[in-house]
There are 2 protein chains.
Amino acid sequence: MLSLHQLRCFLAVYEHGSLTAAAEHLGYAQPSISEQIRTLERTLGVDLFARIGRGVAPTAAAETLRAHAERTVESAEEARRAVQAVTALETGTVRFGMFGTARLYAGAALIADVLERHPGVRVELVGQNSSDVYDDLRRGRIEAAMIAVPQVHSEGMSVTPVAHDELVYISANPDHLRSPVTAHGLAMASLVMAETTWRANDSTRIVLRQMLHETGRNPQTRIEVEDVETAVELVGMGLADSVVPRGVADQLLPRLAPTAGMVALRPRQVDTLAIVHRNRATLSPATRLMIDLATARIREICEPI
Amino acid sequence: MLSLHQLRCFLAVYEHGSLTAAAEHLGYAQPSISEQIRTLERTLGVDLFARIGRGVAPTAAAETLRAHAERTVESAEEARRAVQAVTALETGTVRFGMFGTARLYAGAALIADVLERHPGVRVELVGQNSSDVYDDLRRGRIEAAMIAVPQVHSEGMSVTPVAHDELVYISANPDHLRSPVTAHGLAMASLVMAETTWRANDSTRIVLRQMLHETGRNPQTRIEVEDVETAVELVGMGLADSVVPRGVADQLLPRLAPTAGMVALRPRQVDTLAIVHRNRATLSPATRLMIDLATARIREICEPI
DNA sequence: GTGAAAGCAAAGGGACTCCCTATGGGTATC
DNA sequence: GATACCCATAGGGAGTCCCTTTGCTTTCAC
C-alpha cells in the first residue's frame, strides 16, 4: 500500500539525484532510503530510478510520479496545518448549546465576545429547545451547553451551576404587586406561561410546581404561549399575570409591557443556570472558551453562585 | 508522522460514524482502527471523534480534516494511477463504467473491440446502476463511465455529451400509435416503467417528469419493474404501454414484443448519453481507448452530438 | 593499469508498528 | 432490567523500519 513516507523519500531522492544524499538530508541511513524506494517500486510495479554506478537517474515513470507525489505530500501537510488552525481558533466552527433565558440574556453578546477574540471562526449557537440541546449533548453533536436546570434527567451529564436567576411575579395590576406573592396567591392568579411545548421539562415550571406542591395546590395556567416575549406582552395588556426569571423581566418589561411591574415570590424561588456536558468528556479549547465567556456574561446579569 | 493509512481509516470512520463499521468496511479488526485513530489524534494533538457509547461523533476538527484528508488520499490514488498509466496497456486491467441503455447498446461489442486491440488486458465493465457507477467514479474505483445524464449532481465531474437517444412511446395497441404522443396522452396512458429502484435518478424518468410538469400534470405509472426487458415484454403482452429510448425499442421490440410498435413523443424528448470522469483526472491510455471505442459504438446507434 | 573514493545492495539484528483475539465497561433498545 | 451494540484496553505474533557492517560496481586520479 502506498504511503506518504515512501513519497517523501522518493521526492528527496529525485531532488538530490542520489540515495545517499537523500538519506543524509532526511536524517536516515542510506540503506533505509534504498529499502523505501525499493518497496515503492514494487507496489507501483514500475522502476523509478535507474541505478547508474555513481548516483541514480529517474525514469519516465518517476517524472510522472514527481508532480503527483509533491501534490500529495503538500496536501497532507496542508491537512495538518488546517487542523492546527482549528485548534488555535483561527478558523473552523465553534459550537455551543444555549437554551431559553440563558440565550436571551447573553446570546448576542457571547457571539460578539468570541468573534472579537477570534475573528476567523464560525460560531454556532445551538438551542431550539431544551430537549434538542440535551439530545445534541448526549449524541456528541455539541460538547457543552448552558441551560437552566432542573432539566430532563441528567445522568451521565456533568452539571456545573454558575448563577441563580430569581423568579419574579409580573403584572400590570398594581394591586397584585403590593406584597411578595405566596403559593396561595399564585394558585389564585390568572397566569400566562411560555414554553408551552416543553412545559414538562421547563425549569421555571418545575420550580413553581414544587412550590405549589408543598402547599397541596395544583398550578393552573390560564394562557399558554410559546415564547416568553408573547407572555410578557399579554401581561402588559393586562390579560394575565406571569412568573418569569428576573433577568427576563428586567429586559422585556420596559420594552414590551411598560405599565407592568414585578414583585418577588415568597418564599424566594430561583432558576439555576448551569454548564452541562457529558461526563468524562475532554472539552476542546474552543468549548472551554465559550464556557468561560458565557459564564462571565451570565454572572453580570444574574447572581453568581 | 502523518500517514496515508491513518487518513484512510479516519475517512472510513467519518463516513460510517462508527469504528466497528469502518473496520468491517476496510477489512480490519475494530481495535486496529481504534489504534490508528488514536495515534492520528495524538499526532495532530486534537480529538477527532467524541466517543459516545454507541458509535462516535465527529468534532469540529474532524469536519475540517475531512476535506483535506479526502484530497490527500485522492491525490495519492491519482499518483498511483498516473504511474500505472505508463505501463497500463500491456498488463493492466481496464475498468470502465457503463450504465443502463448505453451498456445494452454497446457492452459486448465494446469489450470485443478492446480485446481485439489489446489481447493482454483484463476488461471490467462496471455498472449495476447509476448510483453505484457514480460512487465508483467519485472514489476513483473506475476512471470514467458512459452514462445517461441528467444524473445525480455532477460537481467535481467532467461531463462530455456524446449522443442523443430519442425517447419513443411503445405499445401493442395500434390505436395508441396513430400520432405522436403528447404530454396529455402520456398522462392518460397506462404505463410500465423500468429501473424502479433508481426511479428518482433515472434519466428517462427525469425527462418525462419535466415534460409532464410543464403541462401541469403528474406522471403516474401503472406498473414498475426493474429491467427494461421485462417492461418491453409487458408491452408486448398488451398489459401496458411504455416510454423507452429508441435504441432500446429497436433492439428489444422485434425480440420481445413483435406485435408492438413505436411512435415519437411530441414535443420530441431525448436522453443524453455522456462520458463522465472526475475533474483533473489523468486518464490511462486504456480508459482513453475505452472512451473512444464506446463513443464510436454509441454514435453508430444514436444521433451524434 | 591500478588504487582510492563514491555510491548502491545485501545481510543481520534491535526496536517499533501493525494487527490480531479476548475481555471489560458504558450506552441505547426492547 | 436484560440484551445487544460499540469502544477501550491488554497481550502477543508477525511484519516493518532503521540501523551497522560488508561487499560489489563505477568513477576518478595518478
Side-chain angles (χ1 to χ4, degrees), chain A residues 1-10 12-44 47-59 62 131-132 134-143 152-158 276-282, chain B residues 1-10 12-44 47-59 62:
Chain A
M1 188 65 83
L2 209 59
S3 85
L4 279 179
H5 187 212
Q6 289 168 351
L7 294 183
R8 281 188 273 255
C9 291
F10 165 77
V13 172
Y14 185 97
E15 284 165 20
H16 289 85
S18 141
L19 298 187
T20 305
E24 190 166 344
H25 180 247
L26 293 174
Y28 292 124
Q30 168 262 314
S32 306
I33 304 302
S34 180
E35 184 178 342
Q36 290 301 322
I37 298 297
R38 206 168 334 113
T39 51
L40 177 58
E41 287 176 328
R42 209 182 51 229
T43 58
L44 291 176
D47 278 355
L48 292 171
F49 296 99
R51 274 64 168 180
I52 48 169
R54 203 119 160 180
V56 294
T59 65
S131 306
D132 275 6
Y134 200 79
D135 206 49
D136 285 345
L137 277 171
R138 231 168 24 85
R139 291 169 184 270
R141 283 194 287 261
I142 53 181
E143 290 183 41
V152 277
H153 70 300
S154 58
E155 79 184 25
M157 289 290 171
S158 154
V276 182
H277 60 79
R278 294 160 29 79
N279 279 338
R280 290 176 309 282
T282 59
Chain B
M1 188 65 84
L2 208 60
S3 83
L4 279 179
H5 188 212
Q6 290 168 349
L7 294 183
R8 282 189 272 257
C9 291
F10 164 78
V13 172
Y14 186 98
E15 282 167 22
H16 289 87
S18 141
L19 299 186
T20 306
E24 191 166 342
H25 180 247
L26 294 175
Y28 293 123
Q30 169 260 317
S32 305
I33 304 300
S34 181
E35 183 177 342
Q36 291 299 323
I37 298 296
R38 205 168 336 111
T39 50
L40 177 58
E41 287 177 327
R42 209 181 51 229
T43 59
L44 291 176
D47 278 355
L48 292 171
F49 296 100
R51 273 66 166 182
I52 48 168
R54 202 114 161 186
V56 294
T59 65

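This one's a predicted model, so the numbers in the text were calculated from it and none came from an experiment. Below, read A as the first sequence line, B as the second, and so on, with proteins coming before strands; counting in each chain starts at 1. Side chains included, hydrogens not; waters and symmetry mates left out as well; all remaining heavy atoms used.
Side-chain proximity of B:Thr20 to C:dC19, C:dC8, D:dC6: nearest is D:dC6. With C:dC8, D:dC19, C:dC19 as the candidates, the nucleotide lying closest to the side chain of B:His5 is C:dC19. Checked against C:dA10, D:dT9, D:dC17, the side chain of A:Glu35 finds its nearest nucleotide in D:dC17.
If you take CZ of B:Arg42 and P of D:dA8, they are 14 Å apart, rounded to a whole angstrom. Taking atom NE2 of residue A:His16 and atom P of nucleotide C:dG7, one finds them 12 Å apart after rounding to whole Å. With rounding to whole Å, A:Ile33 atom CD1 is found 16 Å from C:dA10 atom P. We find that CD of A:Gln6 is positioned 15 Å from C1' of D:dC18, with the value rounded to whole Å. Atom CD1 in A:Ile37 sits about 14 Å away from atom C1' in D:dC17, given to the nearest Å. Spacing between atom CG of A:Leu40 and atom P of D:dT16 amounts to 15 Å, rounded to whole angstrom units. One interatomic measurement links the two molecules: CG of A:Leu19 to C1' of C:dG7, which rounds to 8 Å at whole-angstrom precision. Rounded to an integer number of Å, the gap from B:Arg38 CZ to D:dC7 P is 12 Å.
At a threshold of 4.0 angstrom between heavy atoms, the contacts of A:Gly27 are confined to the sugar-phosphate backbone, with no base atom among them.
Annotation for A:Met1 and A:Gln6: closest pair O-OE1, 4.0 Å, computed over non-hydrogen atoms.
Residue B:Pro31 is the one, among A:Ala29 and B:Pro31, whose nearest nucleotide of DNA chain D lies closer to the 5' end (criterion: closest heavy atom).
Considering only side-chain N and O atoms, B:Gln36 lies under 4.0 angstrom from the phosphate OP1 or OP2 of C:dC19. Between B:Ser18 and D:dC7 there is a side-chain polar atom (N or O) within less than 4.0 angstrom of OP1 or OP2. Note on A:Ser34: a side-chain N or O is less than 4.0 Å away from OP1 or OP2 of C:dA9.
The CD1 atom of B:Ile33 sits 11.5 Å away from the CZ atom of B:Arg38 when rounded to the nearest 0.5 Å. To the nearest 0.5 angstrom, A:Leu2 atom CG is 10.0 Å from A:Thr39 atom OG1. Atom CZ of A:Arg42 is separated from atom CD of A:Glu35 by 9.0 Å, given to the nearest 0.5 angstrom.
Using a 30° and 60° split on the angle between ring planes, B:Phe49 and B:Tyr14 fall in the tilted class, from 30° to 60°.
A distance-only check finds a donor-acceptor pair linking the side chain of A:His16 to the backbone of A:Ala12 [under 3.5 Å].
Helix bend of the helix from C:dG1-D:dC30 to C:dC30-D:dG1: the angle between its two end axes, each built from five pairs, comes to 30° after rounding to 10°.
Of the residues listed (B:Thr43, B:Leu44, B:Ile37), the one engaging B:Glu41 in a side chain to side chain contact (heavy atoms under 4.5 Å, CB included) is B:Ile37, and it is the only one.
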